[in-house]
Amino acid sequence: MISISHVSKAFARRDGPVVALDDVSLHVAQGDIYGIIGYSGAGKSTLLRLMNGLEHPDQGTVTVADTLISAAPERALRAVRPKIGIIFQHFNLLWSRTVAGNIRLAMQIAGTPRAQIEARTAELIRLVGLEGRAVAYPSQLSGGQKQRVGIARALANNPDVLLCDEATSALDPETTDQILDLLAQINRDFGLTIALITHEMHVVRRICNHVAVMENGRIVEAGAVSDIFANPQSAVTRSLLRTLPDDSADAPNRLVLVYRGAVASEPLLAAAIQKHGLPVTIHGGRTNKLADGPLGELVISVDAAPEQIAAFVTDLNAAGIEVHDV
Amino acid sequence: MISISHVSKAFARRDGPVVALDDVSLHVAQGDIYGIIGYSGAGKSTLLRLMNGLEHPDQGTVTVADTLISAAPERALRAVRPKIGIIFQHFNLLWSRTVAGNIRLAMQIAGTPRAQIEARTAELIRLVGLEGRAVAYPSQLSGGQKQRVGIARALANNPDVLLCDEATSALDPETTDQILDLLAQINRDFGLTIALITHEMHVVRRICNHVAVMENGRIVEAGAVSDIFANPQSAVTRSLLRTLPDDSADAPNRLVLVYRGAVASEPLLAAAIQKHGLPVTIHGGRTNKLADGPLGELVISVDAAPEQIAAFVTDLNAAGIEVHDV
Amino acid sequence: ASADTLRIGASPVPHAEILEQAKPILAEQGIDLEIIIFQDYILPNTALAGGDIDANYFQHVPYLTSVLAENPDFDFVNAGDVHIEPIGIYSRRFESLQDLPEGGRVILRDSVAEEGRILSIFQREGVVGLREGVAPVDIRISDIVDNPKNLTFLPDIEAALLPQVYFNDEADAVTINANYALGAGLDPVADPIAVESATDNPYANIITVRAGDETRPDIQALVEVLHSDAIRTFINENYKGAVIPVELQ
Amino acid sequence: MFETLLPRVDPARLWQATLDTLYMTAFAGVATMLLGLILGALLFLTSPGQLWANRVIYGVISVVVNIARAIPFIILLVLLIPFTKTVVGTILGTNAALPALIFGTAPFYARLVEIAFREVDRGVIEATRAMGGGLPTILLRVLIPESAPALISGLTVTLIALVSYTAMAGVIGAGGLGHYAYLEGFQRNNQQVTFAATGVILIIVFAIQLVGDRTTRRIDKR
Amino acid sequence: MFETLLPRVDPARLWQATLDTLYMTAFAGVATMLLGLILGALLFLTSPGQLWANRVIYGVISVVVNIARAIPFIILLVLLIPFTKTVVGTILGTNAALPALIFGTAPFYARLVEIAFREVDRGVIEATRAMGGGLPTILLRVLIPESAPALISGLTVTLIALVSYTAMAGVIGAGGLGHYAYLEGFQRNNQQVTFAATGVILIIVFAIQLVGDRTTRRIDKR
Ligand SMILES: Nc1ncnc2c1ncn2[C@@H]1O[C@H](COP(=O)(O)OP(=O)(O)OP(=O)(O)O)[C@@H](O)[C@H]1O
Ligand SMILES: Nc1ncnc2c1ncn2[C@@H]1O[C@H](COP(=O)(O)OP(=O)(O)OP(=O)(O)O)[C@@H](O)[C@H]1O
Ligand SMILES: [Mg+2]
Ligand SMILES: [Mg+2]
């Protein structure tokens, strides 16, 4: 779907050129959700902007849906762009249009019939959780609300390809998850191909099947998410992976073990497991260095009789571990 | 240091007022790093803007460093503001000034001697990792680079209070950590008081000692971070906490256990612990639902002889768990 | 040398052109004539009263009289008559004023000082009747009391544009000052269908000075030069009857 | 009232002059707005670094616009006589003044339009292009609405300049308040006329300014 | 060359007229810029919703500015005679024309300044206030630099209007190219003078436009 081949791009500056992309190649297949991660200034936004021809490469080619974007005249680009949605890092909303007006614009450009526009606009506003704010102007919105308008606008024309530049960076985790679920669903139902820049690993983990890691204008690592996550090769990737949160909190029949301070570093759970001989599954957990000392949390489930579990919990409590039953 | 007492604020809109803040009270002590989290549109930015008088409350009072900000005339505000640094959600850089020029502005306003300005500017540019970009204009910077200029500018005058509105939302985790470490250090060394809006729990966890959780213009929960994290009362807080990443990856002498697919849900580690009877400390871990199935990771350390550990690892491997030694 | 500078305000055509001819002659007598061109009829007198100029040359006696009546603080005298510009009335459609049709349109220039003068020609030709007892210079279109042909007088057009108006046949009759007619290639003596008479014409353009200055040697020298044969010849040859030097007593 | 306060002012003539001024301002104003928008858009779009960047077209429009702005009004009037004659049928009166008024002020507004368009956020134009928007979309749906406050304020400035500009159209018998003030008031030393005509001009100017300011503030949603 | 190409043009007079125009444009231009900036800043700052929002001051400045823009030039000239006489010492010549030229164009530039300031991003002004910046800082370090491209383009427009405006100053013997073209060229039916004088006006106008455009593009870092 998106084929980037040996692309380089430099920006002229007073004290010499800044190389934003350096011999980058990337292939996004139809239906992929392709994550692009990397440090600030790595060239992610520049790479994304090549994919709809907003920027042209100095060298190399960019092909999207069989159109040679890197060499297409503006007229040809205009024809394919309504099918390539983009969410900008800085939103780029029209201040002169309301929430609804901004969303409508995309459809007006695509020549959607008026009646359809109205229905779709209302639907999109609901999807991004801005009900009741349809007539607000961007200046009356919070940062995250603006970003959601940008998301709705990019989805308006049911694009085949969606380019997201930090599409959820201004959103709280709950809203982020809703939006990501929405994207994943469109991807499943309609085969939407997504290229997605983010600096949040959990976004990659949650919906991407492929990921490319960028550093200094180069792709240092790329491949299936499970491969990269299981076996990170580069220092960048390893460093980025360290920030992943945990999914296990929604495991069924779970117990949450919380231990504070000194307790955190001792092998108390192991001791209890040995003593009771129970089949304990450890779903996940974390040790957090808080300002006032470490705080540990483990999520486990125990496949045993209630009285066995109760004894196990009593022992844990005696050792200074709080156990919450959720 | 910052005292907000029964503050309310509504914005007029075409179809009636939007209540952004509803009877909010908050106390930030000298030297606190106070996190403010909440969903998009909860009123976080509005609350922060009250703290330097950019916005005035409809009701209630705001006091910062003994100045009644909510009722102070512009002249009085001008006197205290250089000591209240603010990092804006949308950066608000001057496009007509370079990176260095934008940073200089804060000091020029504070009347810092010219020679000092130059030295401090260079220092700040280094601190935020923008060496070599001093003469770039904002239009030539990536999103994260712009944000770092905003951070440098807010720190320029060695403020007593720092207000951060999603100060690291456009930054990759590595840079985020650097910036947070920097803030924590200034807080330690100079007693800088920080009020910090974020939607990333790991930011709160990493540097805040207090946190307030907002929803629909109200503070639903507030207190010491360890209390709130250990015992979240509200649904919002619990939901936000689910996204916390794990700190344990830097524990010493650790083993990383990776298990994929079906393997993830079985109590394999517990079985191995029972069989070998070793004191295993579980530092943390996570189970991630990837697009192609679950991927689990646990970080443990085992206090035992090398040959005991080797046998333990062999058994784990046999059960389908990859073990990495770091 | 500056003591010998004589500053004179003048209308552009023909006044300034005539003064330009006098300039080298006066220079020989050690007088530096500085010509300041005015396009209106108010400022030259304001400037004269304020001492910004020593003399002006743009108005005729009837106009000066009415100005003095309206501005008691002005104390000006006539230092000498110079020339007369008979106004001509032109038409591409008719041969004489009597031929003008019922409801005909006549275009005048936008100079209030000349409205009465032009209307007097129409009165002389018996086309309109004017209110009795109004000084010629004060006569306005509103002073027409008898207008059997029901002529419309349109008095708002810039004088320099009038030849264009004539060539574009915009009205039944157009009044054109002789100098502009000449510039546009018209013959100001033969082409008009009616001309103001040159004899007994009270509209001689004069050199105006502040009272008392008329005896200043440089003013007298100026008037003398303007009355000299050289200048009279220039006027006659250059303007071909459109501008006529005054008869010298 | 008039007779007692300003006995030397003929109300009928003042009224006629007011109508003339309003007529010329309104008509030339609308034409100036349209022509100015078109020329301004062309100037903006063909200028270096913009969507249609084209040295030649930019150069040509720039020359035409600058010539029209630089030539003294009366000479412009004369140059336009053949055109005026063909289009309007006469070279005298309010209608004949319109071409010169329009040619004199439209280029001026065109420059203000160009300046206003240049202030529109590049990111927004980029977003529109990314949605597949072509020139008509960018112009009508983005540039004009996004710069509307500056366009309206610019039009206010232009219209007020036009009001005082109409005074010069008096030389071809177009009437109007400015000419009335000059001819009847100034030339005939009739201060009452000068005062009355200038007063009406001021009222018109303030009305334009008021409407312009209100509109600007109402549509500015930043 | 002159003698053969344009025998009816007196090069010395053309040169003098050029100098007069340049002198008036330069002098009145600088004054217009300064006065316009001050008035424009006051208009902006005192307008509703801005830092110094003040109905009364805004109203007063608005009135003064509008009056100066609306009055026909010659009447302005007459009204200013006492002032001119006091300040300049004479009511004739290029220097005497300056007050009327400045009073005629400064208000105009003031409006363009107001428009330019209104386009400055509110967030940036807010950031400056948050750093403790007072009015001088906001004006000199933020409003002016951030709106510099629009200020310069606006000045270009104003200067060009001024060039053609100087033609009117001819009525008090201020000379200049426009007046020269009108008097010597048009009134005396000397097409060569009209042509030559208009040509020089165009050269001046293009020079202003060129410098303005270049500067604008150079300082625009968006
Ligand atoms: N100027 C304004 N006019 C009208 N409504 C406003 C205005 N500013 C903010 N609001 C509304 O007030 C509410 C709170 O806004 P605020 O910016 O404080 O949210 P926030 O918590 O910072 O959200 P985010 O995380 O998305 O930035 C939102 O519903 C927003 O739409
Ligand atoms: N117009 C420009 N002129 C000069 N340099 C530029 C320009 N645009 C981007 N750059 C530089 O190119 C590099 C890559 O920028 P890019 O915006 O692609 O980074 P990014 O990976 O998106 O970073 P972030 O996560 O901070 O948004 C950066 O060093 C940036 O400063
Ligand atoms: Mg980016
Ligand atoms: Mg916010």
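From a predicted model like this one, the values you see are computed outputs, not experimental measurements. Sequence lines set the chain letters: A, B, ... in the order given, protein chains first and strands last, and positions in each chain run from 1.
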Check: D:Thr105 main-chain N/O paired with D:Arg69 side-chain donor or acceptor under 3.5 Å: no
Cation-pi check, D:Lys85 onto D:Phe83 ring (under 6.0 Å, within 45° of axis): no
Ring geometry between A:His210 and A:Tyr34 (parallel below 30°, tilted from 30 to 60°, perpendicular above 60°): parallel
Salt-bridge contact D:Arg222-D:Glu146 (side-chain N to carboxylate O under 4.0 Å): no
Exceeds 12 heavy-atom contacts within 6.0 angstrom, atom CZ of A:Phe190: no
Pick from D:Ala148, D:Pro149, D:Ala127, D:Pro136 with the largest number of heavy-atom pairs that fall under 4.5 Å of chain A: D:Ala127
Per-residue contact mode, D:Ile219 against chain A (heavy atom under 4.5 angstrom): backbone
Most chain D-contacting option - heavy-atom pairs closer than 4.5 Å, from A:Leu105, A:Ile84, A:Leu94: A:Leu94
Proximity breakdown for A:Arg153 and chain D, heavy-atom pairs closer than 4.5 Å: side chain
Closest-packed option against chain D by number of heavy-atom pairs under 4.5 Å, given A:Trp95, A:Phe91, A:Phe88: A:Trp95
A:Arg114/A:Glu118 salt bridge by N-O under 4.0 Å criterion: no
A:Arg120/A:Glu123 ion pair, N-O < 4.0 Å: yes
Chain D contacts, top residue of A:Leu77, A:Ile86, A:Leu54 (heavy-atom pairs, under 4.5 Å): A:Leu54
Contacting moiety of A:Leu93, where chain D heavy atoms sit under 4.5 Å: backbone
Region of D:Val120 that comes under 4.5 Å of a non-hydrogen atom in chain A: neither
Residue A:Gln140 versus chain D: region with a heavy atom under 4.5 Å: neither
